[in-house]
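A short write-up of the structure that comes next.
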Amino acid sequence: MKLANRLNDFDAYLGTAMNLILTKMKEEGKDVINLGLGDPDVIPPEHMRKSLADACYAPDSHHYPSFYSPMPLKKAIAAWYERQYGVKCDPETEVLPLLGSADGLFHIHTCLLDPGDIALVPDPCYPAYIAGVRIAGGIVEPLPLLWENGFLPDLDSVPADVAKRAKLIWVNYPNNPTAAHATIEFYERLALWARKHDVAVVSDNPYSEVCFDGYCAPSFLQVAGAKEIGVEFNSLSKAFNSCGWRVGFMVGNRDIVAGMTKIKSHSDRGMFYPLQVAATAALTGPQDFMQVRNLMYQERRDVVVEGLKKCGIDVESPKGTFYIWAPLPEGVTNSKEWCFKVLDEIAVWMIPGSMYGKHGEGYFRIALTHPVERLSEAMVRLEKLLAS
Ligand SMILES: *Cc1c(COP(=O)(O)O)cnc(C)c1O
């Protein structure tokens with residue numbers, strides 16, 4: 001028996017392997033602080049949990065999801081997008097619920113790429129984009145995200161022949177891993193560029209509700225003509241502290257929605273009905289918990305930015321996401337070697353920038369998914385290590 005060659009074209013998700021290493025260290029008695037975790041340490045508000053529990057308990061909720069109308073959830077998604085961003089979507093044709101946005105991030109490539117087609121993918125980026133392109137037989141063309149450009153791609157630097165062969169371009173703001181944000185003006189330029197070159201824009205926006213200092217992240221779909229050329233993914237995972245629920249959605253271009261609906265009619269049978277009920281309740285229910293939650297992340301952000309300063313590492317305070325993207329300490333050049341050395345010596349795990357792409361080298365990522373005391377403790381350990 002021989003497995004398919006395509007399995008050699010991409011790497012397995014790093015988090016899974018790292019968790020095994022960290023668990024082993026904990027079992028050995030080490031006080032590990034895992035600053036790699038992109039999963040909130042806070043939980044969904046009570047009304048969401050109760051609505052999920054009630055719907056689970058009901059006797060008629062356990063059939064194939066196709067047994068139930070998808071419209072209540074689709075309408076709730078459309079209403080939420082209109083309320084948050086003023087973006088109008090037809091719930092029937094421009095909205096698609098997903099089993100976490102990861103479901104969509106993966107299948108979108110099958111929907112848009114033929115073998116040999118180019119996908120423009122930011123570097124550094126969330127690794128799922130690359131795996132998706134490669135599995136679909138597409139070619140990854142990296143778009144460097146550089147500090148001097150505010151970690152936005154330079155669209156003018158894409159060669160004409162590459163733009164011609166490209167079928168899609170990924171954008172993700174507020175960004176993982178760099179924590180950078182995009183302006184509406186950037187999205188306007190992107191939409192113009194994409195229409196000129198007939199390239200589909202795929203915007204991944206799961207941190208839209210994790211913002212600080214009064215900043216509100218825009219949606220790509222807010223700009224004129226966006227729906228003609230693109231789609232946006234969003235998710236309850238980060239916005240509603242519910243990564244484990246696997247509830248996300250895609251909104252935007254109706255042809256892409258139709259294509260994805262066709263693919264997903266085979267790859268899954270829809271979302272567990274109680275999750276549909278609870279997601280509908282979340283999107284239509286009270287959301288003031290987000291403000292309190294964001295203030296909590298903001299305080300943590302300030303603790304880490306201050307702590308890094310004491311280590312001699314200067315970072316800008318990000319306006320969104322729960323990440324800090326920091327340059328390596330002076331004299332250090334290899335992020336992977338350094339992060340594993342830090343783990344070995346002070347039991348603090350931070351993700352090496354190079355794991356997000358070539359242009360991530362020179363940086364490391366800290367997640368703010370721990371209480372202030374633990375983050376402070378990690379910073380104190382780091383300061384001592386760097387002083388020694
Ligand atoms: C967390 C995250 C997501 C959300 O994934 P889900 O499958 O919805 O949990 C998507 N994109 C990026 C860049 C993320 O960091």
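This one's a predicted model, so the numbers in the text were calculated from it and none came from an experiment. Indexing begins at 1, ligand by ligand and atom by atom, following the structure's order.
Heavy atoms of P206 come nearer than 4.0 angstrom to ligand 1 in at least one pair.
Using a cutoff of 4.0 Å between basic side-chain nitrogens and carboxylate oxygens, K50 and D54 are scored as salt-bridged. Between D213 and R301, at least one side-chain nitrogen of the basic residue sits less than 4.0 Å from a carboxylate oxygen of the acidic one, meeting the salt-bridge criterion. Under the 4.0 Å criterion applied to side-chain N and carboxylate O atoms, D31 and R374 are assigned as salt-bridge partners. The pair R381-E377 counts as a salt bridge, with a side-chain nitrogen and a carboxylate oxygen less than 4.0 angstrom apart.
For atom 12 (C) of ligand 1, the nearest protein heavy atom (residue, atom name, distance) is D204 OD2, 3.4 Å. The protein atom (non-hydrogen) at minimum distance from atom 4 (C) of ligand 1 is S101 OG, 3.4 Å.
For ligand 1, the polar-atom distance check against N172 finds no nitrogen or oxygen pair separated by under 3.5 Å. Close N/O approach between S237 and ligand 1 is found [any backbone or side-chain N/O within under 3.5 Å].
Residue contact check: Y129 has heavy atoms under 4.0 Å from atoms 13 (C) of ligand 1. Atom numbering of ligand 1 starts at 1 in the shown order; those under 4.0 Å from a heavy atom of G100 are 7 (O), 8 (O). Listed by number with element, the atoms of ligand 1 under 4.0 Å from a non-hydrogen atom of R246 are 6 (P), 7 (O), 9 (O). Heavy-atom contacts of S235 reach the following atoms of ligand 1: 6 (P), 8 (O) (cutoff under 4.0 Å). Ligand 1 places these atoms under 4.0 Å from at least one heavy atom of K238: 1 (C), 2 (C), 3 (C), 4 (C), 14 (C), 15 (O).
With a heavy-atom cut-off of 4.0 Å, F233 does not touch ligand 1 at all. Contacts between A102 and ligand 1, counted as non-hydrogen atom pairs separated by less than 4.0 Å, involve both the backbone and the side chain.
Taking 4.5 Å as the limit, every side-chain heavy atom of W349 sits out of range of all side-chain heavy atoms of M25. Taking 4.5 Å as the limit, every side-chain heavy atom of L295 sits out of range of all side-chain heavy atoms of V292.
Counted by atom type alone, Y363 and Y356 present zero donor-acceptor pairs between their side chains at under 3.5 Å.
Residue-environment remark: CD (Q291) stays at or below the threshold of 12 foreign heavy atoms within 6.0 Å.
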